[in-house]
Amino acid sequence: MKLDAKIPSGPIGDKWDKARFELKLVNPANKRHHKLIIVGSGLAGASAAASLAELGYDVDCFCFQDSPRRAHSIAAQGGINAAKNYQNDGDSVYRLFYDTVKGGDYRSREANVYRLAQVSVNIIDQCVAQGVPFAREYGGVLANRSFGGAQVSRTFYARGQTGQQLLLGAYSALNRQIAQGKVKMHPRTEMLDLVVVDGHARGIITRDLITGEIRPWAADAVLLATGGYGNVFYLSTNAKNCNVTATYRAYKRGAGFANPCFTQIHPTCIPVSGDYQSKLTLMSESLRNDGRVWVPRNKADVNKPPNDIPPDDRYYYLEERYPSFGNLVPRDVASRAAKKVCDDGYGVSKTGEAVYLDFATAIERDGKAAIEDRYGNLFEMYERITGENPYKTPMRIYPAVHYTMGGLWVDYNLMSTIPGLHVLGEANFSDHGANRLGASALMQGLADGYFVIPYTIGNYIATHYHGEVSTKHPAFARAEAEVRERQRKLLEIGSKSGSKRKSVDYFHRKLGKIMWEYCGMARNAAGLEQALAQIPELREQFWDHAFVPGGADELNPWLEKAGRIADFLEFAELMCHDALYRDESCGGHFREEHQTEEGEAVRRDDEFAHGAVWEYTGVGTKPALHKEPLEFENVKLTTRSYK
Amino acid sequence: MSSATPTSARPFDRLVKALTSTISLKIVMALTGLVGVGFVLFHMAGNLQVFLGRDAYNDYAEFMQGLGPLKWIARGGLLTALALHVATAVVLIQRNQRARPERYAGLKQKQTSLAAMYMAELGMVLLAFIIYHIAHFTVGVVSTDFGGVNYYELQQATEEATRRDLYAHFIVSFQQPGIAITYILANLALAAHLAHGVTSTFKTAGIAVGRWKLPFEVAGPAIGVIVGLGNISMPLAIWAGFIGAT
Amino acid sequence: MDIKLKIWRQSGPKQAGFFEDHRVEADPHMSFLEMLDVLNEQLLEAGKDAVAFDHDCREGICGACSMVIDGNPHGPRAGTTACQLHMREYHDGDEIVIEPWRAAAFPIVKDLVVDRSAFDRIQHAGGYVSVGTGSAPDANTIPIGKRESDQAFDYAACIGCGACVAACPNASAMLFVSSKVAHLSLLPQGKVERKARVRNMVAAMDAEGFGGCTNHGECEAACPKSISVDAIALLNREYLYAGLARD
């Protein structure tokens with residue numbers, strides 16, 4: 001596996017301009033003869049599908065949801081960053097770039113991040129033109145807020161539903177192309193394999209989730225925009241159907257998987273309430289702008305009603321430990337701090353895994369009306385879920401898996417190690433390093449789809465096109481046969497398992513427990529070895545006892561799930577291998593062996609300033625490691641300090 | 001199903017499609033309904049003159065009968081509005097029924113009024129009543145003979161000549177409990193139909209929104225109550241012997 | 001708590017459906033869908049086919065979940081999707097009836113899963129501003145009053161779940177269509193194409209076989225995002241304007 005990042009030469013500020021000039025163009029009249037497959041219809045997928053169809057390409061777009069509008073980008077609450085500097089508070093492309101590289105704990109590629117910051121300004125323009133109703137000031141201009149600990153107000157937002165509004169914008173652009181016949185949309189259709197012909201990605205195999213029809217699709221390039229793999233933990237803030245299958249199948253076909261252990265644990269989620277818990281709900285990070293995080297100072301108080309604990313007996317641990325950033329420290333820092341106080345026995349609620357997020361001070365300072373105006377819908381949501389009123393009693397929160405920075409390795413042009421296979425949005429590894437800053441996921445998804453891939457895909461087509469490949473090529477038949485065989489096996493387990501049968505969710509929950517325990521917020525070598533021993537056992541049990549009802553030729557949600565969980569059961573091992581290999585603490589990856597006396601992360605730049613890219617070698621065998629060295633020419637590597 | 005380019009169909013087909021769209025038909029219902037509301041108010045105002053006695057009422061009746069071609073234009077217009085109102089109702093109701101072929105085990109209605117729920121039934125009652133009402137007073141083929149006298153043809157002697165004594169027909173009809181009850185029930189139906197219909201009309205016309213929402217939400221029930229009370233007051237007053245007791 | 005369930009089972013669009021009785025032991029802190037998860041787990045461990053229902057984000061924003069609970073689309077709590085409904089709304093021994101959305105334009109796929117692609121097709125007919133990637137002016141070029149912008153947002157909050165259709169006595173989609181039309185027609189960017197948009201979207205709505213609005217307001221009561229039925233009056237106004245104003 002050769003890792004050539006194809007970073008353009010020259011000063012960082014000129015790289016993208018240079019690239020855009022050097023990237024080859026496809027003749028406008030020829031574009032309609034080039035078929036592109038896009039898998040996923042979230043921010044990255046929908047924006048790419050719309051933009052590429054506008055350019056004239058013949059696009060097929062697939063999503064497993066019943067409508068492209070339901071992709072999980074819709075759930076993002078907080079906002080989207082852009083270096084517009086509308087607030088005149090010192091922001092610039094360079095500052096956004098710098099903050100993102102630093103926030104990512106120096107494990108991202110400078111050139112990609114700089115480009116992201118550059119195109120961020122175009123994204124806002126585009127979205128406003130589509131009719132996205134961003135928050136505005138009375139004078140009619142766009143409003144901004146500071147988000148996730150940024151020192152400048154560069155976040156654009158649409159109440160607590162920014163993701164929804166941005167996705168509806170991209171969806172509307174996609175609809176326009178569907179209406180014009182330039183995009184053929186295939187909802188309720190799941191990609192189950194990638195087809196590689198002569199070393200190039202030339203198609204996919206899909207299952208129609210309504211009829212069960214399995215069929216091949218050929219194209220000149222394949223774009224994956226299939227999101228992250230946070231559901232490997234079973235409990236996460238991801239939607240229930242988010243999965244790793246598309247990217248993992250691509251990995252099995254030869255695409256390098258980079259930094260899979262980089263997962264983001266979001267500090268402000270509603271804590272688990274019982275074993276039946278099916279997912280976790282995020283409370284927007286913006287709450288930390290006004291909420292104060294604390295636990296009781298005395299262990300004896302953890303079961304006391306919070307309002308009965310006097311101020312002096314409250315431990316505002318973020319404010320005390322990080323006086324300059326206080327409650328607004330980055331996500332990874334806030335999450336680990338919460339874990340630490342809970343591990344030390346100060347956690348509240350019956351599980352002991354929760355801390356308070358208290359608005360009493362803010363309500364006293366600004367009035368209830370102001371707080372309601374800012375967070376009304378979030379407070380309502382909290383009340384719906386927990387039955388508690390956050391205006392009166394502090395919220396209880398705990399960190400939860402939220403985003404995965406790792407993903408398929410891509411070069412500067414968003415192409416994976418398989419020529420023709422391009423990866424966009426959360427599915428790739430490129431821009432966030434070891435930790436993603438708040439309000440940057442939406443930015444990256446749309447940057448990739450609207451403003452990067454339209455340029456880079458042309459270059460690939462112009463330089464790599466080897467003529468049409470039809471689905472009659474034997475590679476398609478082979479991949480299709482493998483998909484069918486796997487499906488047959490999944491349906492067969494139930495008939496053999498008899499009374500020992502378990503639902504597929506049972507195995508998913510077990511896998512989640514292993515991953516949260518050993519590959520969650522804090523990891524160590526011994527634990528990861530444990531996980532690597534337990535996962536294959538669990539996988540074996542799954543293939544012996546997982547019960548999938550129904551047949552292959554109908555809507556069968558349990559067959560869909562079974563396939564996804566089977567992939568998670570293999571992918572989890574890859575994650576643990578990577579976490580074990582990365583013998584340092586950085587960003588969301590915290591190795592307990594590498595911390596200061598105060599429990600802060602210790603990076604090892606001399607050993608690990610690289611992307612770890614893994615190559616598939618077979619189920620259950622250790623993948624092969626390749627490294628992409630990260631060179632920092634503009635940002636000086638320092639220890640992140642938010643004290 | 002859908003086409004991206006609005007000009008793909010032929011102009012005539014587009015016109016037909018536009019005129020028969022759900023919203024267009026609703027607008028036709030609303031406009032014809034408004035014609036009906038105007039008529040009902042005017043009709044009530046005229047009839048309330050029954051409280052002023054035989055001469056005043058028959059003066060009014062004579063004036064109306066003497067309008068000549070204008071009368072026939074008005075009648076034609078009203079009948080056309082009625083026909084359109086009923087026809088669009090039939091088409092829209094059919095569409096609505098086709099839109100939900102399978103019923104729920106039980107769908108809770110949270111916001112709707114009884115009047116709104118039974119608009120179609122009320123409409124059918126009113127249609128039957130209108131036919132009876134025209135047969136009764138306008139054409140004079142039912143409920144005309146009481147005690148061996150044909151009141152429809154009864155004349156009132158005035159100074160110059162004689163004229164039809166509609167007042168007498170009016171009074172004697174409502175002295176019959178069956179007829180009075182029929183009219184009272186029909187007018188309750190009318191009141192309910194107007195209560196939802198008038199408000200609905202202004203929503204369909206896109207007017208009852210924002211600051212105009214509340215006024216029009218009040219206007220419908222208010223007009224319903226006014227028309228209902230006004231019209232019912234007459235049979236009640238007659239029945240109770242308050243007027244016409246001679 | 002012991003809950004009795006009457007759930008609609010239907011193996012396919014053409015097959016006859018029926019209510020099936022189940023019992024499930026629920027916890028008051030469970031979400032409604034978690035209660036159904038528990039039921040499904042029971043069914044699967046007994047080797048039976050579980051109940052199919054659409055769901056995804058489980059935080060009230062994707063619009064996937066769609067079930068009529070005791071005659072209420074999304075259940076009894078106002079402004080709440082089924083996935084955000086919690087069992088603390090119920091008592092030990094309660095019986096709950098669960099049905100799919102019922103509308104000709106939303107054919108049943110299986111059990112509680114319906115096909116809502118009609119909504120997408122209505123959006124294809126004009127639910128967008130025709131602006132290609134790259135051709136947008138600077139975002140602050142056109143000021144938009146906070147009030148208009150907030151109003152547009154109120155309508156843009158639609159999650160496309162179809163509860164309005166499910167609740168409407170006529171299975172009308174007018175709240176869905178009107179919220180898109182109102183959102184875009186309130187913004188300067190959307191005004192340019194307003195006439196063609198409303199004409200085409202209404203035509204598409206009719207072609208899908210949805211009923212018409214009779215101003216009952218049930219859609220507003222069922223909408224998990226509490227979108228005002230005023231949207232429909234705005235739609236009517238836009239439609240009239242499109243018909244009367246010269247092109």
Side-chain angles (χ1 to χ4, degrees), chain B residues 1-7 9 14 17-27 29-30 88 91-113 115-117 119-120 196-197 199-210 212-213 216-217 220, chain C residues 6 8 17 19 68 70-73 76 78 97 99 102-105 108 118 121-122 124-126 165-172 174 196 199-218 220-222 229-230 232-241 243:
Chain B
M1 288 280 169
S2 64
S3 70
T5 41
T7 47
R14 273 170 58 209
K17 252 209 152 107
L19 290 179
T20 55
S21 79
T22 301
I23 297 182
S24 297
L25 292 182
K26 275 161 49 73
I27 289 169
M29 276 209 81
T88 46
V91 173
L92 286 172
I93 289 169
Q94 274 181 346
R95 283 191 194 173
N96 291 347
Q97 283 174 342
R98 269 204 303 270
R100 172 150 314 126
E102 187 148 13
R103 317 301 302 178
Y104 286 103
L107 187 65
K108 294 238 165 65
Q109 310 263 305
K110 290 179 182 162
Q111 202 142 313
T112 194
S113 62
M117 274 163 82
M119 272 313 261
H196 178 71
T199 302
S200 207
T201 293
F202 288 95
K203 287 187 174 171
T204 300
I207 298 168
V209 64
W212 292 106
K213 189 178 183 182
F216 283 108
E217 281 188 342
Chain C
K6 254 187 171 359
W8 186 261
F19 280 104
V68 172
D70 287 332
N72 305 298
V97 182
E99 294 177 80
R102 294 194 191 278
I108 293 179
R121 289 190 291 272
I122 294 174
H124 299 166
V165 174
C168 176
N170 313 322
S172 168
M174 279 178 69
R199 275 194 221 119
N200 293 337
M201 287 184 80
V202 168
M205 171 185 90
D206 283 346
E208 295 293 343
F210 290 103
C213 173
T214 43
N215 297 309
H216 290 220
E218 290 302 323
E220 177 185 75
V229 72
D230 280 6
I232 296 181
L234 290 174
L235 171 72
N236 294 333
R237 185 193 290 182
E238 282 290 305
Y239 193 77
L240 260 173
Y241 171 78

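Here the structure is a predicted model, which is why all the values come from computation and not from measurement. Values reported hereafter were calculated over all heavy atoms of this structure, with side chains retained and with hydrogens, waters and symmetry mates removed. We name chains A, B, ... by the order of the sequence lines, and we start the count at 1 in each one.
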Applying salt bridge (charged side-chain N to carboxylate O under 4.0 Å, His left out), can you list everything that pairs with C:E99, at least two apart in sequence or on another chain? C:R102
Partners of C:D230 by salt bridge (charged side-chain N to carboxylate O under 4.0 Å, His left out), sequence neighbours excluded? B:K213
So which of [options] has the biggest tally of heavy-atom pairs under 4.5 Å with chain C?
options: B:R95, B:K26, B:K17; value: B:K26
options: B:P101, B:S113, B:A105, B:A205; value: B:A105
options: B:M117, B:H196, B:Q97; value: B:H196
options: B:T204, B:L25, B:I27, B:L92; value: B:T204

Relative to chain B, which segment of [X] carries a heavy atom at a distance below 4.5 Å: side chain, backbone, both, or neither?
X: C:A222; result: neither
X: C:C168; result: backbone
X: C:Y239; result: side chain
X: C:M201; result: neither

Most heavy-atom pairs under 4.5 angstrom with chain B, which of C:A166, C:A105, C:A167, C:G211? C:A166
Option among C:E220, C:M174, C:H216 that satisfies the side-chain contact (heavy atoms from CB on, under 4.5 Å) test with C:V229: C:E220
If the test is side-chain contact (heavy atoms from CB on, under 4.5 Å), which one of C:I232, C:N236, C:L240 qualifies with B:I23? C:N236
Counting C-beta onward and ignoring hydrogens, is there a side-chain heavy-atom pair between C:V202 and C:L235 closer than 4.5 Å? yes
Please check if the side chain of B:N96 supplies one atom and the backbone of C:P169 the other of a donor-acceptor pair under 3.5 Å. no
With a 3.5 Å distance limit and no angle check, can you tell me whether B:Q109 reaches the backbone of C:E218 through a side-chain donor-acceptor pair? no
Under 4.5 Å from any heavy atom of chain C, what part of B:T199 do you find: side chain, backbone, both or neither? neither
